[in-house]
Amino acid sequence: MRFVVVRSNQAGCEPTCTEWISARGAIGPQTPALLKATLKALAGRKLPVVLVSSGGDMAAAMALGRIIRKNKLNVAIGTTVFVGCQRDEENCTANDNRGAHFIGEAASRGICLRACALVLASGIRRIAGEGTLVDSVPMVGANAADTRRLVVYYGEMGVRYQLLAADLKGEGSNPGRWQMFKALLVTSTLAVDQLVDAQICRGTPAPDNCRVFTTMDLE
């Protein structure tokens, strides 16, 4: 999984636009350390995590989730569409003088499969709007010890594990969206716009992911 900080390309938002952490890819043993490095660079700013993942290592996903919860971040399932410099493009200068290396928009589409559900559970707000797919199959571990770890983890995150597990009648079964909402794995089924639309920057105080950028910052 790779983490990059993205600034909104929404028309009319400048000089105050929203920013977020785009998180995309499989969750591996190094993923928690990569998020820690990203958060260190942000120097205490709390940006929401816009997440797409096919899953990965369960222990790493729990470690990642605990970092997110410790830092009190929101998590939304969504895809970041980059403008100019792309996520994996090196030595790109297309967005120079625009206030951020990565510019784009976030849309409520994408997947959060298996171990990814553990990361979603860690958000202070946990958003999965229409157009997203959450597969929370890892409610029962491969063995009794894994299941106990899942129960403890979901308890830490305030997710009602028993409600999630209630509908697991056979291999491959999966709680529906309403079941996830009742269990608090998902706290909102509205769009990711709740976290990244420029409108949120007009409140007082503005959320921490609203950042002012002017040409004076380039001097």
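Positions are given from 1, in the same order as the sequence printed here. Owing to the predicted nature of the structure, the values given are computational and were not obtained by experimental measurement.
R66 places a side-chain heavy atom less than 4.5 Å from the side chain of E156. The shortest side-chain heavy-atom distance between M157 and L118 does not fall under the 4.5 Å cut-off. Looking at R109 and V81, their side chains come closer than 4.5 Å, going by heavy atoms from C-beta outward.
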Donor-acceptor contacts under 3.5 Å from residues 9-16 side chains, at least two apart:
| residue | atom | partner | partner atom | Å |
| --- | --- | --- | --- | --- |
| N9 | OD1 | R98 | NH2 | 2.8 |
| Q10 | OE1 | A198 | N | 2.9 |
| Q10 | NE2 | D197 | OD1 | 3.2 |
| E14 | OE1 | R7 | NH2 | 3.0 |
| E14 | OE2 | R7 | NE | 3.4 |

For residues 29-40, tabulate all N or O donor-acceptor pairs below 3.5 Å that involve a side-chain atom, not counting sequence neighbours.
| residue | atom | partner | partner atom | Å |
| --- | --- | --- | --- | --- |
| T31 | OG1 | G28 | N | 2.9 |
| T31 | OG1 | G28 | O | 3.1 |
| T38 | OG1 | L34 | O | 3.1 |

### Task
Run the numbers on C17 and C210 for disulfide (SG to SG under 2.5 Å), then give the verdict.
CA-CA 5 Å; C17 295; C210 296; over 6 Å; no

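Side-chain atoms of R125 do not come within 3.5 Å of backbone N or O of T187 as any donor-acceptor pair. Panel note: side chain T132, backbone G110; no donor-acceptor pair is recorded below 3.5 Å.
SG distance check for C92 and C85: under 2.5 Å.
Pairing each heavy atom of A117 with each of D135, the nearest pair is CB-O, 4.1 Å. The heavy-atom pair separating G65 from S122 by the smallest distance is O-CB, 3.1 Å. When every heavy atom of L51 is checked against every heavy atom of C112, the shortest pair comes out as CD2-SG, 4.3 Å. Across all their heavy atoms, Y154 and A121 have their closest contact at CE2-CB, 3.8 Å. Taking each heavy atom of C201 and A206 in turn, the nearest pair found is O-CB, 3.7 Å.
Sorted by first and then second residue, the ring-ring contact (aromatic ring centres under 6.0 Å, His included) pairs involving residues 177-211 (not counting sequence neighbours) are W178-F181. Contacts classified as salt bridge (Lys or Arg N to Asp or Glu O under 4.0 Å) and involving residues 42-59 (residues at least two apart or in different chains) are given here: E19-R45. Under the disulfide (SG to SG under 2.5 Å) criterion, no residue pair touches residues 43-84, with sequence neighbours excluded.
To the nearest 0.5 Å, the span separating CG on L64 from OG on S53 amounts to 9.0 Å. Note that CG of D208 is 12.5 Å distant from OG1 of T18, once rounded to the nearest 0.5 Å. Of the inter-residue distances, the one linking R211 atom CZ with L47 atom CG reads 9.5 Å to the nearest 0.5 angstrom. Note that CG of N209 and CG of N74 are 8.5 Å apart. Values are rounded to the nearest 0.5 Å. Once rounded to the nearest 0.5 Å, the distance linking CZ of R24 with OG of S54 reads 9.5 Å.
For Y153, there are no ring pair (Phe, Tyr, Trp, His ring centres under 6.0 Å) partners two or more places apart in sequence or in a different chain. When the side-chain contact (heavy atoms from CB on, under 4.5 Å) test is applied to A191, the partners found at least two apart in sequence or on another chain are S108, D193. A41 meets the side-chain contact (heavy atoms from CB on, under 4.5 Å) test with no other residue; sequence neighbours excluded. With sequence neighbours left out, the side chain to side chain donor-acceptor pair (under 3.5 Å) criterion links Q86 to no other residue. Applying the ring pair (Phe, Tyr, Trp, His ring centres under 6.0 Å) rule to F3 yields no partners; only residues at least two apart in sequence or on another chain are considered.
With side-chain heavy atoms closer than 4.5 Å counting as contact, directly or through intermediates, I200 stands alone and belongs to no larger hydrophobic cluster. V50 belongs to a hydrophobic cluster whose other members, connected by ILVMFWY side-chain contacts under 4.5 Å either directly or through intermediates, are V4, V6, W20, F82, F102, I127, V192, L195, V196.
M58 and V151 fall within the same hydrophobic cluster, where Ile, Leu, Val, Met, Phe, Trp and Tyr residues are linked whenever their side-chain heavy atoms come under 4.5 Å apart, directly or through other members. I124 is not connected to L42 by any chain of hydrophobic side-chain contacts under 4.5 Å among Ile, Leu, Val, Met, Phe, Trp and Tyr, and they are in different clusters. Transitive grouping of hydrophobic side chains (ILVMFWY, heavy atoms separated by less than 4.5 Å) brings I67 and V159 into a common cluster.
With I77 as the partner, the side chain to side chain contact (heavy atoms under 4.5 Å, CB included) test is satisfied by one option alone out of I111, L120, V49, L133: L120.
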